[in-house]
Number of protein chains: 2
Amino acid sequence: MDKRELLLQAATKLFVERGFHATPTSAISKEAGVSAGILFHYFKTKDDLIVQLYVDLKMEFTDCVLKDVDTLKAGISKLRLIWTNSWKWGLENPKKFDFLRQADNSTYSEKIKSHPDIVKKYEWFFAYIDTYKENRFIKNTDTLFIMNVMFGLITSMVNQLRLNPKLENDSLFLEQAWEMFYNCLKP
Amino acid sequence: MDKRELLLQAATKLFVERGFHATPTSAISKEAGVSAGILFHYFKTKDDLIVQLYVDLKMEFTDCVLKDVDTLKAGISKLRLIWTNSWKWGLENPKKFDFLRQADNSTYSEKIKSHPDIVKKYEWFFAYIDTYKENRFIKNTDTLFIMNVMFGLITSMVNQLRLNPKLENDSLFLEQAWEMFYNCLKP
DNA sequence: TTTTAAATTGACTAATCAGTCAACAAAAGT
DNA sequence: ACTTTTGTTGACTGATTAGTCAATTTAAAA
């Protein structure tokens with residue numbers, strides 16, 4: 001298997017379990033089952049590995065969030081699909097989701113803001129939100145604020161479903177949670 | 001001045017600026033203007049310092065959040081005061097707020113969950129939310145979920161006001177933001 | 001004043017860590 | 001077959017780090 005991928009997987013696991021501060025590169029290569037030196041073949045520095053992993057996962061998440069969204073006609077159902085896609089990805093990829101949470105709230109969040117791929121994806125997402133605002137599906141307030149609020153609510157949703165997995169099939173709870181999400185955003 | 005306090009202040013600043021992983025104890029004592037050894041007089045280990053700082057700040061925040069709340073009669077105005085107190089504290093104490101965000105999303109969040117003071121404060125807050133549910137001021141859903149959602153929305157609010165400080169005095173925006181907060185929680 | 005306890009220093013150490021490198025292996029190209 | 005490039009190893013190193021400690025100062029108690 002691709003050793004770069006093995007390293008990224010191992011890094012995700014260890015960073016979430018122990019934090020950036022307590023995860024030496026030696027532990028990462030050991031967990032990945034590769035030699036210590038190879039890490040620096042694929043990544044210039046430890047920081048470089050973290051940033052690449054961060055960008056990779058952010059792209060994976062946003063890609064998944066927008067999955068099948070274009071198959072639906074414009075409307076609130078699109079927003080609901082984005083909502084569902086988001087928390088489902090969080091449940092299916094707990095380690096990756098936790099890594100993103102940790103990185104988003106660390107000093108690394110600054111370091112990826114100017115990354116071309118990230119900038120592009122965000123512009124795309126911004127345009128999406130803007131059309132929603134124009135169509136009066138959501139509040140006409142700052143786009144970044146809206147995005148922030150959305151991700152915050154989705155994170156709470158993932159936390160809640162993790163603590164109580166049964167709720168994932170509890171349509172009453174799902175309706176209530178969606179109501180909270182949409183009531184918050186609607187004009 | 002109290003050297004323990006100096007160390008905690010320096011630690012808050014550096015952890016936010018550089019992260020846990022890139023802040024050696026030597027840098028903390030240097031920033032605090034004290035000798036390297038004294039840190040280990042007040043704190044058993046570096047981890048102990050982080051946990052104590054984390055608990056201290058969490059207590060300070062929750063204390064401030066509930067400030068003057070008891071002077072108001074029961075009702076939505078109480079909830080609004082909690083909301084205002086929260087984001088105002090975040091604006092007035094940016095470093096502390098950022099530390100809490102970072103710590104809440106790191107491995108340290110697990111380490112303080114069983115701390116007696118924290119447990120007590122949370123029980124108090126939980127009881128508060130429960131009475132709100134009983135009085136039909138907010139949705140009747142899991143209390144922890146509600147708390148999570150509240151803090152998430154407050155974090156977004158602080159971010160937004162930081163990027164655009166003028167909004168703090170923009171009553172139109174404040175009403176809109178409060179509307180988002182309350183619409184999300186109301187039954 | 002004398003004695004005891006607590007605070008503070010900074011040089012020191014043992015351990016750890018990020019990153020290097022020479023050697024070797026595998027794959028790809030010619 | 002032969003050459004070149006790329007991937008891989010693991011021992012090694014220089015720098016850094018958390019934490020110690022004997023010595024000194026400051027404060028408190030008797």
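Quick caveat: nothing in here was measured; it's all calculated off a predicted structure. Letters A, B, ... mirror the listed sequences (proteins, then strands); counts begin at 1.
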Phosphate OP1/OP2 of dA7(C): any Y42(B) side-chain N/O under 4.0 Å: no
Length of the CG-P vector between L39(B) and dA7(C), whole Å: 15 Å
Phosphate contact (dA18(C) OP1 or OP2) by K44(A) side-chain N/O below 4.0 Å: no
Between dT17(D) (C1') and K30(B) (NZ): distance, integer Å: 15 Å
Lys/Arg-Asp/Glu bridge criterion (N-O < 4.0 Å) met for E110(A), K113(A): yes
Nucleotide dG19(D), atom C1' - distance to CG of D47(B) in whole Å: 13 Å
Interatomic distance, W83(B) atom CH2 to K88(B) atom NZ [nearest 0.5 angstrom]: 10.0 Å
For atom NE2 of H21(B) and atom P of dT16(D), their distance in whole Å: 16 Å
Phosphate OP1/OP2 of dA18(D) contacted by T25(B) side-chain N/O (<4.0 Å): yes
Nucleotide nearest P24(A) when distance is taken to its side chain, options dT9(D), dT17(D), dA18(C): dA18(C)
Spacing between K3(B) atom NZ and dT8(C) atom C1', to the nearest angstrom: 6 Å
Value rounded to 0.5 Å, distance of CG in L79(A) from CZ in F137(A): 9.5 Å
Closest listed nucleotide, where the reference is the side chain of F40(B) and the choices are dT9(D), dT8(C), dT20(D): dT20(D)
Cationic N near anionic O, under 4.0 Å, D117(A) to K58(A): no
Distance below 4.0 Å between H41(A) side-chain N/O and dT8(D) OP1 or OP2: no
Interatomic distance, D2(A) CG vs dA26(C) C1' [rounded to whole Å]: 15 Å
Gap between atoms CG and P, on L7(B) and dA7(C) respectively (whole Å): 13 Å
Among dT8(D), dG19(C), dG10(C), the nucleotide that comes nearest once only the side chain of S35(B) is considered: dG10(C)
Residue S26(A), side-chain atoms from C-beta onward, closest of dA18(D), dC17(C), dT9(D): dC17(C)
Rounded interatomic separation in angstrom, taking CZ from F43(B) and P from dT17(D): 19 Å
Toward the 5' end of DNA chain C, by each residue's nearest nucleotide, T23(A) or R4(B): R4(B)
D56(B)/K96(B) ion pair, N-O < 4.0 Å: no
